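Residue numbers begin at 1 in each chain, while the letters A, B, ... track the order of the sequences. As the structure is a prediction and not an experimental result, all values here were calculated from the model.
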Amino acid sequence: MKERRSVIDLVWWVVLIAWSLTILFPIVWDLYESLKTNVSFFQDVWTFPKQIQWGNYRKAWVGYHLLDAMVNTLYYVGASLLIGTFLTALNAYALTRMNFKGRKLIWGMIMLSLFLPGINALIPQYILMRDLHMTNSLTGLIVLDVLGENVFFLMLLSGFMRSLPRELEESGTIDGASLFTIFFRIILPLSMPGLVTVAIFKFIGLYNTFLQPFIYLSDSSKYTVGVNIYHANMLMQYTNDWVTMFAGVAITMVPSVLIFMFFQRWIMEGATLGSVKG
Amino acid sequence: MNMLRTDAEHASQKKRSKLLQNASFQKLLFLFVALVPTFGGYLVFGLYPNLLSVYYSLLDWNGISKAKFIGLENYGRLFMDHYVWRALGHNLFYMATVPLITIFISLVLAYLLTNKGYAGTAIFKVLFFFPNVLSTVVVSLLWAFIYDGSFGLLNAFLKLIGIDMNGFYWLGDTRTALAALVPPLVWAGVGFYIVIFMNAMSTIPKSLYECAVLEGASHMTRLFRITIPLISPLIRVSTVFLVLGTLKSLDLVLILTRGGPAGSTDVIGLYMFNMAFGEQVQNYGYASAIGMFLFLILVGAKLVVDKLIPDRGYEY
């Protein structure tokens, strides 16, 4: 069914281009200004940088302690992601492929979490963590993230594991393999695509979390990248060092850009997994 | 001989029962490892704090001194609190604008990308999704640069086309700050809905459109008469999701304006946040009461959206 292109098509195409520009412009603008000096930026935001100021990136990297923040983030995101994905896989396996008393009840209680807004748990959660002496600690944040249920990830992995044939476990049992062997040697490798999707979404989610690290971390040496750049921006109001700030924001974007570049197909397919057929 | 057989039988039975015991022990151990960290963690760090917040809302407590039980006093205060209602008004404004604009833009763009087959469709799709992987902090800062009065992109652009705003701070003026937060909220969310709408639209059989094309229906007619009704269940779910998300969200507002200037962008979640973790006051009891109030609003909002958007699916 091929239709002839008309003037209206041109209009629609312009609409698509326009929306693309609203996305590209702020980002390109940030990169563009990050290569200028403050003087030329203050004079006129449009002028081309006379000499490209790569030094702004060094200034941002050193001045905002971005290395420390990146290491903190790597620890927080990496540990949460690895432990969290593994625990979710165990949990999904037990809840979909094992029979035990109370399984239905557990599913029901997990589904209940969809109705909890989460936001009013913020305070009791904080008090709880304070009583456990786990505030102002990246490990505390990992504990908070890893110990819990996430319906989206659980459903994703359950759906994946449900589609594996039963014979896999049966033949494993006959060969005398233990439950743990079956899980590690058969189920986990076969669920790899699901695990990767969960890990990617966990990475994006964790790298982008702001509220929890913002509430819990009080030492600036423990800041994650997001919290760090937020505080840097607050200070920028006094220093007026705009171009370094532009460079800092650009550096903060790098991990997101990389993950999106490499896993773009996984991410966009994963996004549709949660939705039902229209 | 007979004796020997029974002995052998006995031994094998014993062996089997030991194996069974072993297997059931294994299962128990596996279940323990598989359920305690996740489900147990959810009970301790998810469900329990949620229940606890009901109790906290009945306390007069700053988190340090001894808590005092004051019954429903916090709720009484809440209803008299002008700031709560002001924040709620702002929430209503965002609820009425952000989901509607987001869904409208996503539907149109998804339709164009699915049915028009323009050059660069694949690139558009990827590009449109990109803001969704950016963190709220980055989105907020990018938009802070756009809205800045002296060096902002928006004012620079307006100047280029002949409108001089004289260094107008879009986020610093009570008249514009509230509305200025709508574009970043929409900008950051649209990509996800484009992808899920595109996915749903591509499952609609082409034959359904052919008849309309023969009768000379325009693309707009096709979008509103065929496509949208067919994917209405998905639109409904998306609306609920967006409305509830908009009600709960506070980080973008927190980063961009901190609820200012003069509280003109304060939202209920942020008001609660400031009550609990703010610099001046620490009133966990009152903040929890606001949290409970927000919970009730969320339930109410879900019911209202369910009523407003008819739940009818079409078979095809």
For the residue pair [X] and [Y], establish whether any side-chain heavy-atom pair is separated by less than 4.5 Å.
| X | Y | value |
| --- | --- | --- |
| S140(B) | F210(A) | no |
| F157(B) | W29(A) | no |
| L127(B) | L24(A) | yes |
| L141(B) | I229(A) | yes |
| E33(A) | F145(B) | no |
| W61(B) | I127(A) | yes |
| N120(A) | F293(B) | no |
| L90(A) | F30(B) | yes |

At a heavy-atom separation under 4.5 Å, does [X] approach chain A through its side chain, its backbone, both, or neither?
| X | value |
| --- | --- |
| Y55(B) | neither |
| L244(B) | neither |
| F130(B) | both |
| L298(B) | side chain |
| I255(B) | both |
| M275(B) | neither |
| L294(B) | side chain |
| V54(B) | neither |
| L51(B) | neither |

Interatomic spacing from [atom1] in [X] to [atom2] in [Y] - rounded to 0.5 Å:
| X | Y | atom1 | atom2 | value |
| --- | --- | --- | --- | --- |
| E149(A) | F45(B) | CD | CZ | 13.5 Å |
| M268(A) | F128(B) | CE | CZ | 10.5 Å |
| L28(B) | L179(A) | CG | CG | 11.0 Å |
| L16(A) | K116(B) | CG | NZ | 10.0 Å |
| L43(B) | S113(A) | CG | OG | 11.0 Å |
| N91(A) | F39(B) | CG | CZ | 9.0 Å |

Inset, instruction - Classify the ring geometry between Y284(B) and Y126(A) as parallel (under 30°), tilted (30 to 60°) or perpendicular (over 60°). - result: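 Because their plane-to-plane angle lies in the 30° to 60° range, the rings of Y284(B) and Y126(A) count as tilted.
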Inset, instruction - State whether a side-chain donor-acceptor pair under 3.5 Å links D9(A) with Y118(B). - result: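 Yes, a side-chain donor-acceptor pair sits under 3.5 Å.
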Legend entry - Which atom of A271(A) lies closest to which atom of F192(B), heavy atoms considered: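 Heavy atoms only, the tightest pair is O-CE1, 3.6 Å.
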Counting heavy atoms not belonging to [X], are there more than 12 under 6.0 Å from its [atom1]?
| X | atom1 | value |
| --- | --- | --- |
| Y32(A) | OH | yes |
| I8(A) | CD1 | no |
| W266(A) | CH2 | yes |
| F241(B) | CZ | no |
| F100(A) | CZ | yes |

Per-residue contact mode, [X] against chain B (heavy atom under 4.5 angstrom):
| X | answer |
| --- | --- |
| Y230(A) | both |
| L128(A) | side chain |
| R265(A) | neither |
| I182(A) | neither |
| V225(A) | neither |
| L95(A) | side chain |
| M129(A) | side chain |
| I119(A) | both |
| F86(A) | neither |

If you count heavy-atom pairs under 4.5 Å with chain A, which of [options] comes out on top?
| options | value |
| --- | --- |
| D251(B), V126(B), L35(B), L142(B) | V126(B) |
| I290(B), I146(B), V299(B), L250(B) | L250(B) |
| G63(B), G269(B), G191(B) | G63(B) |
| L153(B), L47(B), V137(B) | L153(B) |
| L52(B), V133(B), I235(B), L160(B) | V133(B) |
| I123(B), V195(B), L134(B) | L134(B) |

Inset, instruction - Answer yes or no: is there a donor N or O on one side and an acceptor on the other, between the side chain of Q26(B) and the main chain of F180(A), under 3.5 Å? - result: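 Not a single qualifying donor-acceptor pair exists.
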Legend entry - Pair W12(A)-V108(B), side chain to side chain contact (heavy atoms under 4.5 Å, CB included): steps then yes or no: CA-CA 10 Å; W12(A) 286 130; V108(B) 172; 4.1 Å; yes
Legend entry - Criterion side chain to side chain contact (heavy atoms under 4.5 Å, CB included) on F214(A) and F277(B), from CA distance to verdict: CA-CA 10 Å; F214(A) 182 65; F277(B) 304 108; over 6 Å; no
Legend entry - Derivation of the side chain to side chain contact (heavy atoms under 4.5 Å, CB included) call for L211(A) and T136(B): CA-CA 10 Å; L211(A) 217 50; T136(B) 315; over 6 Å; no
